[in-house]
Amino acid sequence: MRQIDLQDKVIVVTGGGTGLGRAMTEAFVSYGAKVAICGRRQQVLEEAAAAIGPAVRPYVCDIREWESVERFLGQVVSDFGQLDAVVNNAAGNFLAASETLSPKGFRAVVDIVLMGTFHMSRWAGAYWIEQKRPGHILNIVTTYTDTGCAFVLPSAAAKAGVQALTLSLAYEWAPYGIRVNAIAPGPFPTEGAWSRLMPGSDFEEMYKKRLPTGRYGRHEELGALAAFLLSDLAPYLTGAVIPIDGAERLQGAMFNYLAQTADRETLKQAFALLRSASRSQ
Ligand code: HXC
Ligand code: NAP
């Protein structure tokens with residue numbers, strides 16, 4: 001049985017300085033890859049790169065901006081001499097009653113999730129096709145891309161768009177040797193997600209008890225799956241959307257459950273509290 005081996009691979013991870021992006025970066029490095037991480041906050045990226053080791057380089061890039069993405073990926077190719085895979089992990093999300101959403105609030109999430117993923121994929125795909133090199137795009141979506149989900153409308157809409165992008169590009173770019181897959185994680189505790197989406201420790205405990213496995217995901221479990229997908233062990237695996245959720249999705253979209261826990265006014269107050277708490281961090 002061959003082992004996962006990412007030696008000599010150069011992988012870009014958007015949002016690689018925090019949470020699940022950082023966990024995947026750590027996994028890729030442990031299998032021998034060099035990783036370029038990006039995000040908007042330089043200090044966060046530098047701290048993560050320093051903690052993980054010299055195989056990781058930090059780059060400030062706002063994936064909402066095409067020019068920023070062009071500069072970033074051009075610099076990665078110039079610094080490392082090649083680019084083998086892009087992991088579109090960066091995202092934005094928050095809980096809100098949809099009738100209260102402002103157009104700017106909706107756009108803030110769509111710009112990061114859907115436009116950001118398009119910008120990264122467009123640049124990398126054109127590079128691989130022009131260079132006649134194989135490549136891999138791995139998109140991080142959610143388990144509610146097929147069902148929709150209450151209270152996270154911008155994220156549900158944008159992630160469904162990313163899923164459509166995954167399937168469309170997998171077919172269109174297969175003849176060029178470019179694989180395009182997605183991972184759909186269930187709930188994995190991270191500072192970024194929990195501070196915006198977990199309305200209190202009571203809900204966290206209550207929801208955990210409902211989970212078929214009785215627990216949340218562990219970061220290394222996602223890291224191992226992502227590393228396998230990017231490795232040479234999976235050459236025929238493309239156009240797939242793979243859930244890693246302990247079967248959580250089978251009970252319905254996560255935040256639909258919130259509607260059963262409290263009346264709408266109480267939920268709105270909880271969302272407002274969560275919003276001000278996550279802002280003050
Ligand atoms: C309602 C909100 C809001 C909230 C912002 N807005 N937060 N509306 N409820 N909680 C509105 C603002 O009022 C404003 O509209 C508009 O959105 C833009 O706000 P900014 O603060 O300027 O946005 P920006 O700085 O671009 O930040 C984007 C962000 C922020 C998405 C709002 O949270 C962010 O940077 N997130 C990145 C990290 C993240 O979200 N991680 C969690 C991923 S977890 P107006 O009209 O007022 O100007 C995930 C897990 C899914 O996706 C599945 C879990 C199981
Ligand atoms: P996180 O730590 O908040 O990660 C989001 C990352 O995206 C941050 O590093 C953030 O860095 C970066 N980012 C946001 N806007 C950006 C922009 N415009 N340009 C570049 N980078 C940007 O949350 P997470 O939980 O690890 O989420 C990671 C991924 O997993 C997301 O795609 C999320 O939807 C998905 N996911 C998470 C869970 C979960 O339970 N945690 C479940 C399902 C799916 P800056 O703020 O510095 O830019």
Side-chain angles (χ1 to χ4, degrees), residues 4 6-65 68-69 71-94 109 111-113 116-117 119-121 123-124 136-142 183 185 187-198 216-231 244 278-281:
I4 296 174
L6 298 177
Q7 288 292 338
D8 304 324
K9 292 208 190 289
V10 175
I11 301 171
V12 161
V13 180
T14 66
T18 66
L20 301 184
R22 179 168 168 165
M24 287 187 281
T25 299
E26 285 168 1
F28 300 153
V29 168
S30 77
Y31 290 112
K34 299 186 184 77
V35 184
I37 57 173
C38 85
R40 294 165 298 178
R41 291 167 298 164
Q42 184 160 8
Q43 198 185 336
V44 168
L45 294 161
E46 281 175 357
E47 281 170 13
I52 302 170
V56 181
R57 283 204 206 181
Y59 298 81
V60 172
C61 168
D62 186 335
I63 59 166
R64 295 172 297 185
E65 306 295 335
S68 184
V69 166
R71 258 195 317 277
F72 165 46
L73 293 179
Q75 194 60 48
V76 168
V77 170
S78 147
D79 291 348
F80 290 92
Q82 70 193 66
L83 169 63
D84 299 295
V86 167
V87 180
N88 287 307
N89 162 81
N93 206 348
F94 52 76
V109 172
D111 275 353
I112 302 171
V113 173
T117 300
H119 290 150
M120 295 291 297
S121 307
W123 197 97
H136 192 185
I137 296 169
L138 178 59
N139 296 322
I140 306 302
V141 294
T142 58
I183 294 178
F188 282 69
T190 66
E191 165 66 29
W194 255 226
S195 66
R196 292 174 177 87
L197 301 169
M198 199 51 92
Y216 292 112
R218 298 185 185 119
H219 289 196
E220 64 275 16
E221 294 172 322
L222 176 70
L225 173 60
F228 166 75
L229 286 173
L230 295 193
S231 76
I244 175 165
S278 72
R279 262 206 203 124
S280 61
Q281 274 170 7

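These values consider heavy atoms only, across backbone and side chains, with no hydrogens, waters or symmetry-generated copies. Computed from a prediction, not measured in an experiment: that's the story for all the values here.
The main-chain N or O of A90 is found under 3.5 Å from a side-chain atom of T14 such that the two form a donor-acceptor pair. Using a distance-only test at 3.5 Å, with no hydrogens or angles considered, no donor-acceptor pair links the side chain of D84 to the main chain of I11. The backbone N or O of D8 sits less than 3.5 Å from a side-chain atom of Q82, completing a donor-acceptor pair. Using modelled atom types, one side-chain atom of T117 and one backbone atom of V113 make a donor-acceptor pair closer than 3.5 Å. At distances below 3.5 Å, not a single donor-acceptor pair connects side-chain atoms of S278 with backbone N or O atoms of R196.
The nearest pair of heavy atoms linking G16 to T25 is O-OG1, 3.9 Å. In terms of heavy atoms, A226 sits closest to L138 at CB-CD2, 3.9 Å. When all heavy atoms are compared, the tightest approach of V109 to G92 is CG1-O, 3.2 Å. The minimum heavy-atom distance linking N89 with G21 is given by the pair ND2-CA, 3.4 Å. D62 approaches V69 most closely through the heavy-atom pair O-CG2, 4.4 Å. G217 approaches P189 most closely through the heavy-atom pair O-CD, 3.5 Å.
Within the structure, the salt bridge (Lys or Arg N to Asp or Glu O under 4.0 Å) test picks out the following pairs touching residues 72-83 (sequence neighbours left out): R57-D79. Residue pairs that meet the side chain to side chain donor-acceptor pair (under 3.5 Å) test with at least one member in residues 217-227, sequence neighbours left out, are R215-E221.
Within a 6.0 Å sphere centred on CD of Q43, heavy atoms belonging to other residues, nucleotides or ligands number 12 at most. No more than 12 heavy atoms of other residues, nucleotides or ligands lie within 6.0 Å of CD in Q42, so this atom counts as exposed by the packing criterion.
Interatomic distance, CG of L230 versus CG of L225, reported as 9.5 Å (0.5 Å rounding). Going from atom CD1 of I140 over to atom CG of L20 covers 8.0 Å, rounded to the nearest 0.5 Å. In this structure, CD1 in I137 is found 13.5 Å from CG in L229, a value given to the nearest 0.5 Å. Here the CD1-CH2 distance, from I63 to W123, works out to 15.5 Å after rounding to the nearest 0.5 Å. Taken to the nearest 0.5 Å, the OG1 atom of T190 stands 11.0 Å off from the CG atom of L222. Considering CZ of R71 and CD of E65, their distance stands at 9.0 Å, rounded to 0.5 Å.
Here the side chains of F28 and V56 are not in contact, with every heavy-atom distance at 4.5 Å or above. In this structure, the side chains of F72 and V12 come closer than 4.5 Å at one or more pairs of heavy atoms.
Shown are V35, V86, N88; of these, the side chain to side chain contact (heavy atoms under 4.5 Å, CB included) with V13 is made only by V35.
Note on ring orientation: taking the six-membered ring where Trp is involved, the planes of Y216 and W194 are perpendicular (angle over 60°, cut-offs 30° and 60°).
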